[in-house]
Amino acid sequence: MILSSLYLDDLFSQINNCLKQSYSVNLDTNIYLSGDLATYIQNAHERITCCNTTYVPDKSHVKRSFKSLFGICLSKTDVFLLII
């Protein structure tokens with residue numbers, strides 16, 4: 001399923017409807033939202049209201065951030081351990 005909109009409010013309304021209709025989520029459901037470091041993705045938990053949402057940065061952005069900030073190259077295992 002592809003969802004799109006020019007407006008974030010509309011997009012998140014579509015996401016909420018999709019989650020409810022396709023996956024039968026409710027307020028007791030926990031989902032993990034993985035994405036880049038964009039603010040609107042990090043704050044999506046404020047707009048996805050049909051369930052509990054936790055943001056998790058994707059591995060490639062975590063690796064890139066560690067390399068640029070600390071000069072450290074992380075392995076896939078290192079990134080996994082950082083995220084959990």
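What you see is a predicted model; the values in this text were computed from it and never measured. Heavy atoms only: backbone and side chains are in, while hydrogens, waters and symmetry mates are out.
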Check: Can you check side-chain contact (heavy atoms from CB on, under 4.5 Å) on Thr29 and Ile31, steps first, answer last?
Finding: CA-CA 7 Å; Thr29 305; Ile31 65 168; 4.2 Å; yes
Next item on the list: Any pair with a residue in residues 30-53 that passes side-chain hydrogen bond (donor to acceptor under 3.5 Å, both in side chains), sequence neighbours left out, goes on the list, sorted by first then second residue, please.
Entry: Asp9-Arg47, Asn30-Asn52
Margin query: Let me confirm one number: the OG-CG distance from Ser65 to Leu74, rounded to the nearest 0.5 Å.
Written below: 10.0 Å
Next item on the list: Answer whether the closest heavy-atom distance between the side chains of Leu37 and Tyr55 falls below 4.5 Å.
Entry: yes
Item checked: Approximate separation, where rounding is to 0.5 Å, of Lys63 NZ and Ser68 OG -> 13.5 Å
Note to self: Distance check, rounded to the nearest 0.5 Å: Gln14 atom CD versus Asn16 atom CG?
What the structure shows: 10.5 Å
Check: Can you find a heavy atom in the side chain of Ile41 that is under 4.5 Å from one in the side chain of Leu33?
Finding: yes
Check: Quick one: do Ile15 and Met1 end up in the same hydrophobic cluster if we chain Ile, Leu, Val, Met, Phe, Trp and Tyr together by side-chain heavy atoms under 4.5 Å apart?
Finding: yes
Next item on the list: Drop me the distance from Leu27's CG to Cys50's SG, to the nearest 0.5 angstrom.
Entry: 8.0 Å
Contacts under 3.5 angstrom, residues 17-25 side chains, donor-acceptor by atom type, not counting sequence neighbours:
{"from": "Asn17", "atom 1": "ND2", "to": "Ser13", "atom 2": "O", "distance (Å)": "3.3"}
{"from": "Ser22", "atom 1": "OG", "to": "Cys18", "atom 2": "O", "distance (Å)": "3.4"}

Notebook entry, point to check: Tyr7: which other cluster members, linking ILVMFWY side chains closer than 4.5 Å, directly or transitively?
Noted result: Leu6
Notebook entry, point to check: To the nearest 0.5 Å, how far apart are CG in Leu11 and OG in Ser5?
Noted result: 6.0 Å
